[in-house]
2 protein chains.
Amino acid sequence: MTYHHGNLRKVLLDRAAAVIAEEGIEALSLRALARDIGVSHAAPARHFKDRADLLRALATEGNHRLLAYVLAAADAAGTDPLVRYNALGQAYVRFSLEFPAYYRTITHPEVAAEADEELRQSRESWHRIITDAARKAQDAGWLPDEDVEDIVIFSTATVRGIAAMLGDPMQERLPGGPERDAFIERMVRLIIDPAAPQKSRNGNDRNKRKNK
Amino acid sequence: MTYHHGNLRKVLLDRAAAVIAEEGIEALSLRALARDIGVSHAAPARHFKDRADLLRALATEGNHRLLAYVLAAADAAGTDPLVRYNALGQAYVRFSLEFPAYYRTITHPEVAAEADEELRQSRESWHRIITDAARKAQDAGWLPDEDVEDIVIFSTATVRGIAAMLGDPMQERLPGGPERDAFIERMVRLIIDPAAPQKSRNGNDRNKRKNK
DNA sequence: GGGTTAAAGTTGCCATTGACAACATCGGCA
DNA sequence: TGCCGATGTTGTCAATGGCAACTTTAACCC
């Protein structure tokens, strides 16, 4: 073994993600991590100030991955705002299932990741995709003419809630296996349904609109 | 001090809730708890097998409190299914803000509380309130005629997501202070709007209904 | 090339913690 | 009254996070 490991930081992050996926965040131990990798118990300290710092780094990376994942899904869905939005929402939930370690770290209440400029831009894109969809749905007259900002938050909260419930061991009545994708599709469609533009959803009172 | 403390179990739970509210779950230490209360470091072990056991008990109590809280709010709201539902949803979010320690414990991914019969009945009530509201909204023709079960899950996920976002330090653009109640009201209204029964929401195609 | 230096990894140490065992005390009950 | 189980106590151990002091390596400058 080389005295200088070389890319210990990345190895630590990857192994930490694996441990979290298998045993949860609480089970993550810096010393166990070091043992697994084959370095001394104090080696991680060179890269992460303390345990919380490692989790924060993990959350930062997770945020980048999540946003890249959902934005890629939206882009792959084409140009229709409603379809793009729908793909975004479904991708969010799927990310939480495919990369539970990152997702749990991101949403852990006691891990606050720093948001760099790149992340802020990604969030802007996220915001715009939902805004565009909400506007189109409102123009078609089948989404309530509430503040578009509200729709963005509402929509984000809902996908978050779906992800939370699917990842919650207490929830037993939720579909798993092959039915799960269809379930996710239905849930996201309940926010904004891209296949029902001719239908009306709630509130045709156009002058109530508050988005600026 | 009496050798026999008497109600150490309850004191431990209460103090634990206070610590969690102030410093988070990770900061909870059985020994520190014992020190605070003025009891030996091994005393908690008589009431809780280990740290996870205490958290589980806390989550169980939290679940009972949460359900009592939201069901009381629904009952106080009267008999109209839509109004009852609305009160339930808002109460859920408010609970997460008023009792963050219980809420965080309940939703902590690594704390699985046991569900006794009483809790199961409360959940049934919860379920029925949402079902009734969804049915009425569908009969009025302004909620998509999806499976009612889906509406229940969707609705639960959304309030959970709103609570999660309001409790998330990463979210900065969310209203706090006096505007927060109005915000919660708007969010829950976006699921089912009790004040808009004359409007249509999505899908009047009655024969598409799937609830059994 | 050789020496300097800073980054990265190591060993050693300490306080805190969770968990367990053995012991002490209290209260209820036969 | 005397027994006994519930409850609390002291003592101990291994694991952990975090810090300090030391060592090795690679890169850089001359």
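Each chain gets a letter, A, B and so on, in the order the sequences are listed, and its residues count up from 1.
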Length of the [atom1]-[atom2] vector between [X] and [N], whole Å:
X     : N      : atom1 : atom2 : result
B:F48 : C:dA19 : CZ    : P     : 13 Å
B:R9  : D:dG8  : CZ    : P     : 12 Å
A:L8  : D:dT25 : CG    : P     : 16 Å
B:N7  : D:dG8  : CG    : C1'   : 14 Å
B:K10 : D:dT7  : NZ    : P     : 17 Å
B:R46 : C:dG18 : CZ    : C1'   : 15 Å
B:H47 : C:dA19 : NE2   : C1'   : 17 Å
B:K49 : C:dC20 : NZ    : P     : 8 Å

Checklist line | Side-chain donor-acceptor pair present, A:E98, A:Y69, cut-off under 3.5 Å | finding: yes
Notebook entry, point to check: Hey, are A:S155 and A:Y85 close enough side-chain-wise for a donor-acceptor pair under 3.5 Å?
Noted result: yes
Could you go through nucleotides 14-17 of chain D and list every protein N or O atom that sits under 3.5 Å from one of its N or O atoms, giving the distance for each pair?
residue : atom : partner : partner atom : Å
D:dT16  : OP2  : A:R35   : NH1          : 3.3
D:dT16  : OP2  : A:R35   : NH2          : 3.2
D:dG17  : OP1  : A:L30   : N            : 3.1
D:dG17  : OP2  : A:S29   : OG           : 3.4
D:dG17  : OP2  : A:L30   : N            : 3.1
D:dG17  : OP2  : A:R31   : N            : 3.0
D:dG17  : N7   : A:R31   : NH1          : 2.3
D:dG17  : O6   : A:R31   : NH1          : 3.1

Note to self: Would you say the ring centers of A:W126 and A:Y92 fall short of 6.0 Å from each other?
What the structure shows: yes
Notebook entry, point to check: Would you find a donor on one side and an acceptor on the other, under 3.5 Å apart, between the side chain of A:R128 and the backbone of A:R123?
Noted result: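 No: the side chain of A:R128 does not pair with the backbone of A:R123.
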Check: Salt-bridged, A:D116 to A:R120, with N to O below 4.0 Å?
Finding: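 Judged by the 4.0 Å cut-off on N to carboxylate O distance, A:D116 and A:R120 do not form a salt bridge.
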Next item on the list: Could you tell me whether B:R56 and B:D53 have a side-chain N and a carboxylate O separated by less than 4.0 Å?
Entry: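 Looking at B:R56 and B:D53, the cut-off is met.
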